[in-house]
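Here's the structure we're looking at; comments come further down.
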Amino acid sequence: GYGNYNTIDAGFYGTTGLTENLAADLSLYYSKRSDGFGRNVLLNNDVGLNKTFAVRSKLLFTPTDQPTVTLWPHYSNTPCDYGLTTQIAEGITGFDNVTRNAGDQNISQTINPYTTPKDYSVTGRLDQDLGFARFVNLTQYRHNRTYYQKDVDGLPVNRGTAQQREYTWVFSEEAQLQSQSDGRLQWVAGVFYLKSGGGVDPLVIGGNQFGAALNSQIRYGAVKTKSYAGFGQATLEITDTTRLTLGGRWTHDQKNLSGQVINVLPSGAQVVSVPTPPGVTQLKTSRFTYRVALDQKLTEDVMAYAVVSRGYKAGSFNVLAIVDPPIQPETLNSIEGGVKSEFFDRRLRLNAAAYHYKYKNIQLSQLFSPTAGGSGGIKILNATSAKIWGLELDAQAQVTDAFTLTANFAYTHGRYGSFPGAPFSVPPPGNCPGVATPVPLNSRNTQCTADASGHEVVRTPPVTFTIVADYQIPLADGKLGLNGSVYYNDGFPWEVDTRLRQSAYTLVNADVRWTSPGDRYAVRLWVRNLTDKKYNIGIST
């Protein structure tokens with residue numbers, strides 16, 4: 001493939017038998033964008049660059065009357081700067097009381113941002129027929145190591161920089177027993193084990209953001225995790241039209257935090273300001289989660305269903321700021337009901353669903369200015385609660401044998417419950433609520449805490465919808481496919497104080513594809529964001 005911004009991409013897939021009982025495949029992918037979306041006008045070079053290389057293989061061993069064994073390794077490397085380019089928003093005054101905006105997609109920074117994530121994994125699967133059930137064992141090891149650097153102030157001055165090396169490794173083991181009969185009862189049961197580690201080694205925060213007291217700050221942080229779980233689920237066909245599903249899972253998580261903070265003085269001397277994490281360094285949590293579902297066929301073409309379930313996200317620690325308090329576990333109670341239907345010999349499909357989510361200790365993150373004491377950077381917070389409810393509708397119509405129309409619509413209403421200590425920002429000259437001392441005019445945003453109870457849940461647009469039209473035109477030599485889609489997003493707040501909002505936007509995509517007889521060859525021309533609509537991927541105060 002070839003596209004604008006001097007972008008090339010190539011992929012390969014091949015599979016073959018090696019012996020009577022052994023098969024292998026190989027998948028390769030390469031992509032490179034040589035011209036950036038914009039430029040660093042200070043250093044006079046392109047930004048918005050991307051390069052990706054990934055390879056995956058799979059070996060399948062199927063001996064006669066023996067377990068089937070599948071093994072697949074994976075490796076990927078994606079050096080790029082996408083998502084790291086930062087600048088002061090248009091019309092906003094910087095900390096030095098100067099308005100600087102380099103233009104759409106451009107930056108004006110003292111260093112070039114980039115990241116180099118490398119990821120590899122090995123996964124194995126064993127399938128064994130036990131007669132009464134099928135035994136499945138899944139084993140995986142995954143390792144990721146990433147370096148990134150960025151200019152966090154978005155200005156052509158050395159105000160703030162971040163250089164970070166981070167890593168994660170995960171080992172997991174899962175064993176399952178699965179029912180094999182075609183009877184009225186289908187079930188699965190198993191156990192799960194996970195051991196992992198991850199952290200920063202180190203994060204170096206530089207620039208003159210600390211003033212004259214510090215030259216830079218070096219932070220180390222790591223979390224080690226052990227997780228155990230047992231689970232089971234069964235679906236009983238009560239009648240020919242009624243099915244009941246019951247599922248449960250017990251999970252135990254243990255996390256341990258380690259790290260230190262080192263301040264580098266203007267003389268170059270290093271002072272260990274936080275030798276070990278203060279406060280709690282170990283979290284142990286256990287939760288039982290469940291799923292209860294009932295589906296009922298009303299007719300041959302209409303099915304109604306209802307689901308009650310509970311989900312859980314473990315608590316943890318902030319490895320970027322080991323002085324921060326631990327993040328509490330998040331629990332989600334969900335109720336959902338809906339209808340799925342097909343009409344006119346499956347030429348029209350209509351689905352509808354309504355749901356209600358109730359979160360406890362919902363987790364979220366936000367940028368904060370770093371402090372000499374080791375806090376700030378990125379904070380991970382808990383709101384006491386949040387409620388989200390919504391409606392989803394989707395339809396697909398085979399208007400003619402050649403023309404298909406698809407549409408989906410979602411309405412979402414999300415609000416935080418009790419959130420008394422939420423982060424707020426006040427633009428200069430501004431004061432935190434209840435604080436009488438005025439802030440100097442040329443100061444940066446003042447960071448405060450206030451009550452965000454009842455505020456909108458971040459990054460949750462009230463309305464989204466998508467419409468897709470697909471037209472297949474038979475030709476004497478193959479067929480021609482025309483496809484177009486429209487996506488609408490109603491906008492949302494970026495942070496809990498709702499000061500910064502993403503405005504509503506619409507995206508249009510299109511493609512045309514020629515396919516040879518027998519689907520042996522195809523050529524596709526496509527465009528994304530046909531109307532060149534500008535929208536943000538991240539804003540922070």
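Both backbone and side-chain heavy atoms feed into the values below; hydrogens, waters and symmetry mates do not.
Applying the side-chain hydrogen bond (donor to acceptor under 3.5 Å, both in side chains) definition to pairs two or more places apart or across chains, those involving residues 111-120 are Asn40-Asn112, Asn45-Asn112, Asp119-Arg142. Residue pairs satisfying the ring-ring contact (aromatic ring centres under 6.0 Å, His included) criterion with at least one member in residues 497-541, sequence neighbours excluded, are listed as follows: Tyr505-Tyr535.
His413 and Trp389 share a donor-acceptor pair across their side chains, judged by distance under 3.5 Å alone. Neither side chain, Asp301 nor Ser341, offers a donor N or O lying under 3.5 Å from an acceptor on the other.
Every residue meeting the salt bridge (Lys or Arg N to Asp or Glu O under 4.0 Å) condition with Asp511, not counting sequence neighbours, appears here in chain and number order: Arg524. Tyr305 pairs by the ring pair (Phe, Tyr, Trp, His ring centres under 6.0 Å) definition with nothing, not counting sequence neighbours. Residues meeting the ring pair (Phe, Tyr, Trp, His ring centres under 6.0 Å) test with Phe192, sequence neighbours left out: none. Here His74 pairs with nothing under the ring pair (Phe, Tyr, Trp, His ring centres under 6.0 Å) rule; sequence neighbours left out. Residues satisfying the ring pair (Phe, Tyr, Trp, His ring centres under 6.0 Å) criterion with Phe492, sequence neighbours excluded, are Trp494. Scored by the side chain to side chain contact (heavy atoms under 4.5 Å, CB included) test, Asp497 finds Phe424, Ser425, Glu495, Arg499 as partners (sequence neighbours excluded). For Gln447, the side chain to side chain donor-acceptor pair (under 3.5 Å) criterion is met by no residue, not counting sequence neighbours. Looking at residues two or more places apart in sequence or on another chain, you find a salt bridge (Lys or Arg N to Asp or Glu O under 4.0 Å) between Arg349 and Glu342. Checked against salt bridge (Lys or Arg N to Asp or Glu O under 4.0 Å), Asp477 has no partners two or more places apart in sequence or in another chain. For Arg39, the salt bridge (Lys or Arg N to Asp or Glu O under 4.0 Å) test picks out Asp46, with sequence neighbours left out.
Atom CG in Asp9 sits 10.0 Å away from atom OG1 in Thr52 (nearest 0.5 Å).
Although no hydrogens or angles enter the test, the distance criterion places a donor-acceptor pair under 3.5 Å between the side chain of Asn509 and the main chain of Asn529.
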